[in-house]
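In what follows, chains are A, B, ... by sequence order, proteins preceding strands, each numbered from 1.
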There are 2 protein chains.
Amino acid sequence: MIGVIRVFTTDDQEVLQQHGKVITNCYGLPTVNRCIPDQPLGIFNDETEEKAVPKIVKLGKTLEKEGSKVLVISCAADPAIEELRKEVSIPVIGAGSAAALTALALGQPVGVLGITDTPPAVIRNLLGDLLVGYASPEGVGNTTDLMTPSGRENGLKAVQSLLNQGAKVIVFACTGFSTIGLADVLRQEVDVPIIDAVEAEGLFASLLLRQSLQTI
Amino acid sequence: MIGVIRVFTTDDQEVLQQHGKVITNCYGLPTVNRCIPDQPLGIFNDETEEKAVPKIVKLGKTLEKEGSKVLVISCAADPAIEELRKEVSIPVIGAGSAAALTALALGQPVGVLGITDTPPAVIRNLLGDLLVGYASPEGVGNTTDLMTPSGRENGLKAVQSLLNQGAKVIVFACTGFSTIGLADVLRQEVDVPIIDAVEAEGLFASLLLRQSLQTI
């Protein structure tokens with residue numbers, strides 16, 4: 001079982017399961033999806049990240065105790081990743097580092113698509129000189145704004161601007177893009193690899209879960 | 001189709017297909033396996049690497065022309081990877097960078113197992129401070145030496161020494177370990193993730209091949 005940590009609060013089971021569903025669809029492996037308490041708006045600045053860290057650590061420890069063999073922190077900023085790795089004995093994968101590392105395997109100039117003003121530090125640091133551009137879809141301040149036809153269209157426009165800057169690979173720096181299935185839309189429109197952060201975290205988690213099943 | 005470039009010369013079809021078979025077994029995707037000409041001993045120093053580079057580039061271009069959608073250079077030193085990326089329009093994955101990047105996704109101290117005196121530069125550079133130790137199995141100068149019971153036993157001993165140095169993840173810096181199935185042996189014996197370089201190159205290649213199939 002892959003334990004999927006959602007870094008906001010929701011009672012909506014469909015929303016809660018979304019990332020796990022992407023992982024199961026891609027890799028055919030079971031997931032359990034949980035969210036942190038009392039942060040319906042998730043992480044959007046330093047203060048809310050600080051508040052979330054102990055909750056993420058606690059949730060990760062609970063998921064390990066309940067039988068998860070791999071954990072994913074399903075947020076492109078990799079919040080609390082170092083703290084959680086110190087507290088559990090199973091692998092912990094972050095969506096942001098997973099997406100950036102997958103792009104590095106391609107060794108081509110990377111354009112990053114996000115919804116914040118700048119890319120998450122973990123993605124910027126890993127990509128280094130391969131990062132050639134960052135863009136966010138116009139008029140999109142949160143992932144809800146994306147779930148409209150104009151949100152998707154502006155997503156495509158932002159990607160085109162990254163390609164014009166020389167990007168040969170696109171990395172999603174927001175897991176909200178996975179929720180709306182933006183990768184599949186873009187793959188029909190542009191001819192470069194699209195690295196979806198949830199697919200990327202699931203990629204590494206699937207390798208590790210299969211290893212852990214082998215040794216049981 | 002994933003094009004698998006073997007960086008030595010063989011007429012033995014079983015040997016030639018070995019890495020592709022690992023990838024197909026892990027990810028259920030088809031591969032075509034080819035080797036470079038006139039280098040039965042492969043790459044073992046700067047001179048033989050220099051000789052191999054144009055052959056790898058030529059073979060990669062041929063595989064693209066024949067329909068491969070992703071290429072893997074199935075050698076942990078990633079020979080000719082930059083040169084080949086300039087000459088083809090499809091993704092090129094190297095076994096060495098793929099293995100190192102997979103380990104980075106775990107964020108834990110890495111022990112590297114190889115058969116040469118030092119780890120390949122690409123692996124050393126990517127791992128940076130996370131590289132805590134390097135070892136090679138005693139008495140193993142080439143991958144043929146590994147295919148004996150004592151070769152496997154010495155492989156396990158070398159891994160134990162890496163764990164004693166603080167490694168929490170093991171990365172294979174030689175694709176010959178895949179040929180003998182060392183990862184599966186180790187997974188029964190030690191309780192840390194074992195990153196096999198052929199499984200790792202296949203991991204990224206599988207993601208990219210599935211994307212390319214989606215868009216056809």
Minimal non-hydrogen separation, Phe204(B) against Thr102(A), with atom names |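 Closest approach of Phe204(B) to Thr102(A), heavy atoms only: CE2-CA, 3.7 Å.
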
For residues Ile93(A) and Ala105(B), report the shortest heavy-atom separation together with the two atoms involved.
->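 Reported closest heavy-atom pair: CD1-O, 3.5 Å.
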
May I ask you to check whether over 12 heavy atoms, not counting those of [X], lie within 6.0 Å of atom [atom1]?
| X | atom1 | answer |
| --- | --- | --- |
| Asp46(A) | CG | no |
| Asp129(B) | CG | no |
| Glu50(A) | CD | no |
| Gln165(B) | CD | yes |
| Asn45(B) | CG | yes |
| Lys168(B) | NZ | no |

Roughly how far, to the nearest 0.5 Å, is [atom2] of [Y] from [atom1] of [X]?
| X | Y | atom1 | atom2 | answer |
| --- | --- | --- | --- | --- |
| Leu186(A) | Gln211(B) | CG | CD | 10.0 Å |
| Leu106(A) | Ile90(B) | CG | CD1 | 11.5 Å |
| Ser97(B) | Leu101(A) | OG | CG | 11.5 Å |
| Arg85(B) | Gln108(A) | CZ | CD | 6.5 Å |

What part of [X] lies closer than 4.5 angstrom to a heavy atom of chain A: side chain, backbone, both or neither?
| X | answer |
| --- | --- |
| Leu203(B) | both |
| Ile194(B) | both |
| Glu189(B) | neither |

Considering only heavy atoms from C-beta outward, does the side chain of Leu104(B) approach that of Leu104(A) to under 4.5 Å?
->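 No - every pair of side-chain heavy atoms lies 4.5 Å or more apart.
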
